[in-house]
Amino acid sequence: MDFSWTEQQLKFRERVKSFIAANLPENWEEIAHGPGSSEQTEFAKTFCGRLADEGLLVPHWPVEWGGEAADPWKAFILAEEMWKVGEPRGGQYMNVNWIGPILMKFGSQAQQRTYIPPMGRGESLWCQGFSEPEAGSDLASLRTKAELEEDGYRINGQKIWTSYAGDADTCFLLARTGSGKSGISIFLVPMDTVGITVRQIPSIIGEGDIHEVFFDDVVVPESARLGEEGQAWEIIGAVLSLERVGIPRFALARATLSRAIDLLKQSGRFTPSVIEQATRAKAACEAACLFSYRIIDQRAKQIPTGAEASVGRYSTVNCERLVAEFVVEHLPESLCGDYPMLLAHHQRGIVAGIASGAAEIQLNNIATQYLELPREPR
Amino acid sequence: MDLMLNKDQAAVQEAIEAIALDFSSSPSDFHGFALVSPELDKVLLENGFFEIATIPELGPVSAAVTVERLARLPYTAETALSMMLSHVLGEVERPIAVVDGLRPGRFVREAKTVIVVDDDRIGLCHPGPSEVEDRPDALYAYPMANLVSLDGVYWLSDAERDRIKTWLRIALANEMAGLLQGAIDATVAHLSIRKQFGRPLGAFQALRHRLAECTVLSEGVRWLAVKAAWSGDAGDAALAAYHAQDAATRVIYDVHQMSGAMGMTLEMDLHLWTYRMKALLSELGGRGGQAQAVGQHVFGV
Ligand SMILES: Cc1cc2nc3c(=O)[nH]c(=O)nc-3n(C[C@H](O)[C@H](O)[C@H](O)COP(=O)(O)OP(=O)(O)OC[C@H]3O[C@@H](n4cnc5c(N)ncnc54)[C@H](O)[C@@H]3O)c2cc1C
């Protein structure tokens with residue numbers, strides 16, 4: 001067992017750090033608030049373009065798609081450094097983490113040629129059309145319908161909580177082509193298709209993040225379907241496993257805690273009882289970090305990940321929560337905007353237990369798959 | 001970064017699994033607290049397990065994994081300090097105990113070497129039989145005793161003190177990781193067979209979630225503890241020990257609550273783990289003590 005980084009990994013981290021230092025604007029902390037504002041999305045385009053020029057956007061992608069087939073550690077180090085400063089890649093992290101890789105695996109040649117190169121250049125923004133008003137945790141109960149007609153699929157229905165939908169060019173959409181889990185298919189739908197309406201939802205997590213998306217007689221060609229009809233459940237199983245640990249949230253939580261501690265020290269308010277609370281939060285951050293490393297290590301060794309991913313996710317929720325609570329209690333002025341990065345963390349931290357699979361669903365997985373407790377009756 | 005055991009470490013793990021098999025269930029006629037196994041101690045000694053931390057290919061990581069595994073057993077022996085401090089204390093005789101001044105500690109009667117923590121000092125002593133008082137009525141599931149005076153203690157330098165404290169924390173965290181897991185395993189077994197309202201308790205979501213949360217905490221302790229064993233860093237050690245005591249405080253309550261009245265009996269083994277954990281909760285200053293060390297070594301105060 002060895003918890004140290006290789007010389008190359010250390011060098012790579014330094015390279016990413018210097019890139020970030022050279023490319024974040026002075027007012028970055030103001031832009032970083034809320035994960036999905038148009039201002040941030042706009043900045044992300046420039047930033048990701050420069051990352052791409054430096055070979056730092058998709059190093060873990062295969063060479064034929066502009067990557068260098070780097071191992072999962074490299075991608076994770078990159079993600080850690082990005083998250084630490086508030087994820088300047090904005091919504092494009094999804095392209096890099098899972099939309100690109102999924103298209104490489106399941107996309108048609110035409111889909112790959114259309115969509116992958118702009119992702120690799122840092123030019124495109126996607127949104128993920130999964131959740132619906134009646135289908136949150138119970139995603140398989142989604143109702144948006146795609147009916148095959150002569151000129152293609154006719155899509156009707158509604159999505160909700162869709163991040164980045166206001167600015168996205170393409171939607172990775174789940175819609176029903178039959179019944180049950182095996183009746184769900186994936187469509188790659190340009191957001192300017194006639195019949196799509198996007199409405200922003202005002203929220204605690206900042207302007208521009210979550211949306212409702214309405215599909216009224218939206219027609220897409222058959223070639224917009226990803227994979228086979230009914231293959232969505234299998235494909236998104238792969239998505240979720242990439243997404244669950246692809247986001248090193250602990251890195252931002254840890255940086256936030258450290259920032260908060262510096263501020264408290266400067267004002268002489270880092271007293272023993274505060275230190276103990278900070279210790280609890282710090283231990284939670286480090287535990288979440290080690291869980292993620294364990295999973296990346298498995299991935300690097302091509303060992304399949306099971307419910308460890310849920311243990312890791314839940315641990316991340318704990319750390320996000322403890323850090324956010326610490327800041328609210330000891331630096332209440334952050335929620336008035338005094339320290340934009342602390343506010344940015346707050347807005348990301350509070351959704352950690354909800355977005356991309358609620359915390360309780362992770363606990364269900366742990367109970368069933370990890371502890372092998374008897375199942376709940378359905 | 002390589003978070004799997006190396007070949008040698010994996011071989012040790014396999015060997016310890018084989019030994020653990022013989023000690024994995026308590027005797028049905030045992031209804032007490034300190035289920036000590038001299039046989040376990042003997043097997044470990046004969047097979048050189050107390051020296052693994054000093055063997056370069058194995059190191060403290062291997063010792064940590066071993067301590068964690070042994071702590072999951074219903075039987076106990078003085079393993080954690082002997083395995084994790086041998087490379088720090090040098091040539092001292094085992095068993096080893098740690099006490100806070102004149103307060104009771106585990107294995108003090110059996111110990112050939114006692115580490116004495118007294119406010120900011122650390123010292124060693126080798127008490128004779130008359131210098132130790134047994135505490136046979138203790139609820140803790142270790143044999144408990146205390147020193148009758150600190151007269152025979154020789155105090156160590158500040159540098160030695162700091163190093164020993166770090167490794168005491170690492171030993172504590174790794175032992176706690178195994179105890180947490182042992183308690184969770186016993187609770188999983190109980191919830192899988194005990195039926196109420198027509199179904200196993202483990203099928204009720206309130207309990208499934210609670211036990212899953214305990215698991216996340218326990219796994220977190222395990223990883224922080226093994227990382228600290230790898231680094232030997234004072235900050236890592238203090239964080240791991242803090243998380244261990246913090247997690248245990250919650251998990252002990254939860255596993256007893258979920259086990260109902262059965263968990264209050266000496267028939268169910270649950271107390272063997274929970275009342276070992278309780279003995280570890282106060283060590284090295286408790287959570288406040290660990291937090292102070294984190295403040296110093298991690299937050300730079
Ligand atoms: C900031 C943010 C961004 C998001 N972005 C996107 C996006 O881009 N695309 C997208 O498709 N979706 C997105 N989502 C939606 C997200 O995937 C859902 O919020 C999530 O799946 C939970 O669904 P829900 O909100 O409907 O909660 P519900 O399913 O209504 O759950 C509410 C509560 O009930 C609990 N619960 C539900 N079922 C069970 C059960 N079986 N057992 C025990 N407890 C249960 C949940 O754990 C939770 O605590 C986003 C959400 C947020 C907050």
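Lettering of chains follows the sequences in order, A, B, ..., and the numbering in each one begins at 1.
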Has B:K195 got more than 12 heavy atoms of other residues, nucleotides or ligands less than 6.0 Å from its NZ?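 Not more than 12 within 6.0 Å, no.
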Selection from [options] maximising heavy-atom pairs under 4.5 Å formed with chain A:
options: B:T215, B:D236, B:V61; answer: B:T215
options: B:Q292, B:R287, B:R222; answer: B:R287
options: B:H243, B:Q9, B:Q205; answer: B:Q205
options: B:G202, B:A247, B:G300, B:G220; answer: B:G202

Rounded to the nearest 0.5 Å, how far does [atom2] of [Y] lie from [atom1] of [X]?
X: B:L3; Y: A:M1; atom1: CG; atom2: CE; answer: 6.5 Å
X: A:E286; Y: B:W223; atom1: CD; atom2: CH2; answer: 14.5 Å
X: B:M4; Y: A:D2; atom1: CE; atom2: CG; answer: 13.5 Å

Determine whether B:R208 and A:E360 satisfy the following criterion, salt bridge (charged side-chain N to carboxylate O under 4.0 Å, His left out), listing intermediate values before the conclusion. CA-CA 10 Å; B:R208 292 163 60 80; A:E360 289 70 18; over 6 Å; no
Identify which part of [X] has an atom lying under 4.5 Å from any heavy atom of chain B, answering side chain, backbone, both or neither.
X: A:N364; answer: both
X: A:F270; answer: side chain
X: A:L371; answer: both
X: A:T368; answer: both
X: A:A300; answer: neither

Check for a donor-acceptor pair, side chain of A:K301 on one end and backbone N or O of B:D2 on the other, with a separation under 3.5 Å. no
Given side chains that start at C-beta, do those of B:V294 and A:I275 come closer than 4.5 Å, heavy atoms only?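 They are not in contact (no side-chain heavy atoms under 4.5 Å apart), so the answer is no.
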Any A:R294 side-chain heavy atom under 4.5 Å of B:E219 side chain: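 The answer is yes, as the side chains (C-beta and beyond) meet within the 4.5 Å cut-off.
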Heavy-atom pairs under 4.5 Å with chain B - which of A:P377, A:A283, A:P374 has more of them than the others?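 Greatest number of close heavy-atom pairs with chain B: A:P374.
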